[in-house]
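The structure appears below as structure tokens.
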There are 2 protein chains.
Amino acid sequence: MKPTIYDVAREAGVSIATVSKVINNTGRISEKTRQKVLKVMKQLDYQPSILASALTGKHTYTIGLLIPDIANPFFAELSRRVEDRGQELGFSVVMCSTDNDPDKTVRYITLLKQKSVDGIILASSFENHQVLKGLLEENFPIALISQEIPSLAIDSVTVDDFLGGYQVTEYLLQLGHQKIAIVAEKAPSNQKRMDGYRKAIADANVEMKENYMAITQATVEGGYHCANQLFDLPEPPTAIFACNDLIAIGVIKAARERNLKIPNDLSVVGFDNTFMAEMVDPPLSSVQQPICEMSRQVVDLLVKKIQGEKSRKRVVLLPELVVRKSTMPPEEQQ
Amino acid sequence: MKPTIYDVAREAGVSIATVSKVINNTGRISEKTRQKVLKVMKQLDYQPSILASALTGKHTYTIGLLIPDIANPFFAELSRRVEDRGQELGFSVVMCSTDNDPDKTVRYITLLKQKSVDGIILASSFENHQVLKGLLEENFPIALISQEIPSLAIDSVTVDDFLGGYQVTEYLLQLGHQKIAIVAEKAPSNQKRMDGYRKAIADANVEMKENYMAITQATVEGGYHCANQLFDLPEPPTAIFACNDLIAIGVIKAARERNLKIPNDLSVVGFDNTFMAEMVDPPLSSVQQPICEMSRQVVDLLVKKIQGEKSRKRVVLLPELVVRKSTMPPEEQQ
DNA sequence: TGTGATGTAGAAAAGCTTTTCGGAAAAACG
DNA sequence: CGTTTTTCCGAAAAGCTTTTCTACATCACA
């Protein structure tokens, strides 16, 4: 059926070793035989099997990408960037949506290893130190994006979430807001954003209210739900910091239903700065994560590992608040 | 390093053939040795190499998914569904964004074959009959989604685009609109939607205007741009049928900038009914493609092919218009 | 006890590539 | 022309699994 290296060798009147050397540009081959072999390869449309090649100790040139859910635009874009950079470096990526489910994650990891992927990029949150430590010990290439694990020496690329949270809050405070709520997802990155929020509030000597802090899922519904709860408070906030864009959109939706004008009655800030931030009405102020750069870096980190690099590294990129039309100083309180 | 079948065999005091039989539940093995082998396997945490297995003619349990761009929510959701169904059937999916570039597509296809994927799902448009015919001839499993190729006997799952286009237009006509524009992407599926549009216009004996039909890219910008052109027409349309949701959002954005109220001054209908349709303000009427069902079907089709099924099949699902708040009868003309 | 049937396990080849090492041919040198 | 060096190529093993076919052991039965 498909031609093998034997077919090429026979057709070219040489041994398979010679063909292999031509393919890989190794050993010494006379120009004449090289040309002969190349010609036959083209003629038969021969493509070496990466499977067989990998079996001899070479790479599969495939990496696994674990994300919570590709349907979240942030991860969709991240995936795309990872794929692009992988492609540039000669790697394919197999997509694994974990829904942040630890069991599913573990199953995916063992499956990927069975399939001999060269390495794994972990973008979904995963707290099983046991498993991660295992991977590190057997020197299996792995890199984290959008999360780090303080107690493990594992490559990671993150954005400074604390700083991002601080910047947003500081910005809202500077606008004159005092009643600032935050809606976050239950995830380490969001926790840090919330820490930044707290610090900024504290630094400004503004009263910190526990019921201004809400935890929910990273979905439009989650944001919608929490916003409604916040609006029902005796002293509703004048600004809401949503820890990702989906949540922010939920907040906007809830506000619209109550005839709260944005930004006049309520300022809203998102996080991630996905394409939706520009899409929504009014355009959403949001914290830009340099997805492109992060993806690139994480792939590069992983590929270096695959190529045998030993040293480990944490890369921290800085976020940037992009101000659009969803924020303004609070209107005169009545 | 990683244990092999030899390690298990040695440890269990049997031959590798026996171990293989235990793994695959083939041949006759006494309960005693089976248990012994299983125990050792667990003990060593042995995972058979799918690579080596595939080399002997078995499957890699991996399929390729070619899509234009994962950053488009429609394809993001499609990917997720394909992955989920694949997962259920034991297949991983490697993600390939083609940007509808034919060369990139061809490169991806040959790469995937080199990696011995078991089959390919093609969701990005691809007109190279040469290549497709080649795949069919060598009986390489392949299935199309969201497109079909009339002149090739190739498995496909589509939605009835003509009908979808007809339904939207008919609906707008029934509301009383006479000036209905359409903005489409340059792709076969969109072409069919436009055919449906034409037919509905013709059936209603309404005048068909060539300058109500615009072609652009499947992006927010594309929709924005075309909408502006349409608004500048001497007789601007009272309704715009956008052939996908991204375009519709661009249209809405342009309308907003001109202070055109939706739906009062302009009705807008989208296509795909992605999550964005609910997100946008006002919620967008859009044509539902049964993504979940389509994805499931296409995976099932492909897997059947992989398992040796010979017969070929075209599955056509029916679209459904979901009416939300972006459409209403045209206001009294001045 | 001998014969045949049945159940169990292993040796070996196949699948496709890479790599090492040795040998033959060609070239260089005196 | 004989010898040494260089150049080129191939035989064979390794990598991990599956599968076939043979062989041995066990058992039932006459």
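Per chain, numbering begins at 1; letters A, B, ... match sequence-line order.
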5'-most by nearest nucleotide on DNA chain D - A/T33 or A/Y6: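 Closer to the 5' end of DNA chain D: A/T33.
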5' precedence on DNA chain D between B/K21 and B/T56 (nearest-nucleotide basis):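 Nearest-nucleotide comparison on DNA chain D picks B/T56.
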Are [X] and [Y] close enough that a side-chain donor and a side-chain acceptor fall under 3.5 Å?
| X | Y | value |
| --- | --- | --- |
| A/S97 | A/D69 | no |
| B/N25 | B/R34 | yes |
| B/E293 | B/Q297 | yes |
| A/S311 | A/E309 | yes |
| B/Q87 | B/E83 | no |

In whole angstrom, give the distance that lies between atom [atom1] of [X] and atom [atom2] of [N].
| X | N | atom1 | atom2 | answer |
| --- | --- | --- | --- | --- |
| B/R34 | C/dG7 | CZ | P | 15 Å |
| A/N25 | C/dT19 | CG | P | 13 Å |
| A/N24 | C/dT20 | CG | C1' | 15 Å |

Across the strands shown, which category fits [X] at heavy-atom distances under 4.0 angstrom: base, sugar-phosphate, nothing?
| X | value |
| --- | --- |
| A/T26 | nothing |
| A/I29 | sugar-phosphate |
| B/I16 | base |
| B/V14 | sugar-phosphate |
| B/S49 | sugar-phosphate |
| B/T4 | sugar-phosphate |
| B/K58 | sugar-phosphate |

Side chains of A/S146 and A/M294 in contact at under 4.5 Å (non-hydrogen atoms):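 They are in side-chain contact.
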Nucleotides bounding contact with chain B, strand DNA chain D, heavy-atom threshold 4.0 Å: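 The contact span of chain B on DNA chain D goes from D/dC16 to D/dT19.
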Distance test, side-chain N/O of B/S30 to OP1/OP2 of C/dT8, below 4.0 Å: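 Negative; the distance criterion is not met.
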Which residue lies more 5' along DNA chain C, comparing B/R28 with A/A52 via nearest heavy atoms: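 It is B/R28 whose nearest nucleotide is closer to the 5' end.
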Nearest-nucleotide comparison on DNA chain C, the residue closer to the 5′ end among A/Q47 and B/E31: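 First, find each residue's nearest nucleotide; the 5'-ward one identifies B/E31.
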Residues A/E77, A/R80; criterion salt bridge (charged side-chain N to carboxylate O under 4.0 Å, His left out); working and verdict: CA-CA 5 Å; A/E77 170 145 18; A/R80 178 62 206 265; over 6 Å; no
